[in-house]
Amino acid sequence: MKKPMRVAVTGAAGQIGYSLLFRIASGEMLGKDQPVILQLLEIPDEKAQKALKGVMMEVDDCAFPLLAGMSAHSDANTAFKDVDVALLVGARPRGPGMERKDLLEANGAIFTVQGRALDAGASRNVKVLVVGNPANTNAYIAMKSAPSLDKSCFTAMLRLDHNRALSQLATKLGKPVASIEKMIVWGNHSPTMYPDIRFATVEGKPAKPMLNDDAWYKDTYIPTVGKRGAAIIEARGLSSAASAANAAIDHVRDWVLGSNGKWVTMGIASDGSYGIPQDVMYGFPCTTANGKFEMVKGLEIDDFSRERMNKTLAELEEERAGVAHLLK
Ligand code: NAX
């Protein structure tokens with residue numbers, strides 16, 4: 001029997017948490033032979049803690065053979081103690097009348113504290129995935145608040161955007177999702193993201209000539225992928241939850257167990273490649289193996305792509321400037 005891995009989930013009583021915990025405990029994220037211990041963080045609020053207890057009762061009732069332990073927390077320091085994986089899902093949603101600046105401020109307060117707690121107590125190889133929005137900037141704040149951890153411990157979730165991009169293209173071409181490879185979503189998890197199909201292949205052949213419809217690609221596909229989150233809210237009355245949890249599982253599973261050469265999109269700290277300034281948390285194409293990710297480098301950037309990549313970068317730089325005072 002393998003040694004259990006400790007997995008922290010924040011916002012565990014929320015919508016995404018409700019779709020996520022069961023799949024982690026069933027082995028879908030870390031492997032069907034990997035026992036897990038869940039360390040669940042919620043705000044101290046009585047209602048949230050009670051809701052968390054209820055979710056934990058349901059997890060118990062599944063009698064998952066791989067679940068080696070589970071605990072509830074209201075303090076990030078105890079929740080992140082010795083964790084191997086941390087899924088930072090809980091965040092402050094935008095309230096009525098709240099401006100973008102206020103939202104950044106409120107989340108800055110959460111992610112500085114959580115970054116410091118990871119720095120103090122998590123495994124030195126912890127894999128952190130930030131899902132809570134604004135995900136890229138929250139991941140950046142956490143990373144900057146954890147100076148003793150390597151930058152490569154921190155990632156932001158663009159996998160839902162990546163999966164949406166795959167699914168929309170597969171539907172248009174009438175091909176199975178699994179036949180598409182080398183998809184990329186550059187930049188921020190926001191409507192400015194840039195789904196780039198220039199390198200994508202379908203059944204091993206280039207996707208762009210197969211699509212042969214640049215107008216659809218630019219005027220329909222890119223905005224559809226970028227605004228898919230809003231379309232889900234409009235249809236469901238609630239934001240994406242099961243698909244977001246699914247993407248989180250995909251992201252961490254590939255990071256831990258490897259992508260077998262396939263490209264996946266991860267929000268990672270830039271090393272300066274592709275003209276993206278160092279440390280900006282930006283969606284890049286990556287491959288993963290042996291518990292590490294590696295950026296796919298050397299791809300040609302044409303004028304259209306450069307313009308799109310700069311637009312999403314400008315938004316991230318503005319967010320970064322907006323939280324700089326929190327990181328002094
Ligand atoms: P919910 O509002 O259902 O749940 C969030 C939970 O987090 C609540 O139970 C709340 O009490 C808790 N929470 C808030 N602050 C916390 C803190 N400091 N520590 C611990 N827990 C805290 O939201 P849900 O639908 O689950 O979404 C969670 C986050 O994911 C939101 O920020 C949302 O915007 C973001 N999303 C990110 C996506 C991505 O692709 N990166 C897609 C889906 C989703 O919209």
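Remember, it's 1-based here, ligands and their atoms both numbered in the order they're listed.
Sorted by chain and number, the heavy-atom contacts of ligand 1 below 4.0 Å come from Gly11, Ala13, Gly14, Gln15, Ile16, Leu41, Glu42, Ile43, Val89, Gly90, Ala91, Ile110, Gln114, Val131, Gly132, Asn133, Ala135, Met157, Leu160, His189, Ser239, Ser240, Ala244.
Apart from Leu103 itself, the hydrophobic cluster it occupies contains Met98, where clustering links Ile, Leu, Val, Met, Phe, Trp and Tyr at side-chain heavy-atom distances under 4.5 Å.
Side-chain atoms of Tyr282 never come within 3.5 Å of backbone atoms of Thr312 as a donor-acceptor pair (strictly under, hydrogens ignored).
For the residue pair Arg164 / Ser240, a side-chain donor-acceptor distance below 3.5 Å is found, with atom types taken as modelled. There is no side-chain donor-acceptor pair under 3.5 Å between Gln49 and His73.
Every salt bridge (Lys or Arg N to Asp or Glu O under 4.0 Å) that Lys208 has, sequence neighbours left out, goes to Asp214.
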Could you give the side-chain donor-acceptor pairs of residues 126-138 under 3.5 Å, partners two or more places apart or in another chain?
| unit_1 | atom_1 | unit_2 | atom_2 | d |
| --- | --- | --- | --- | --- |
| Lys127 | NZ | Gly291 | O | 3.1 |
| Asn133 | OD1 | Ala135 | N | 3.3 |
| Asn136 | OD1 | His189 | N | 3.1 |
| Asn136 | ND2 | Gly187 | O | 3.1 |
| Asn136 | ND2 | Met281 | O | 2.9 |
| Thr137 | OG1 | Glu319 | OE1 | 2.4 |
| Asn138 | ND2 | Gly132 | O | 2.9 |
| Asn138 | ND2 | Asn133 | O | 3.2 |
| Asn138 | ND2 | Pro134 | O | 3.4 |

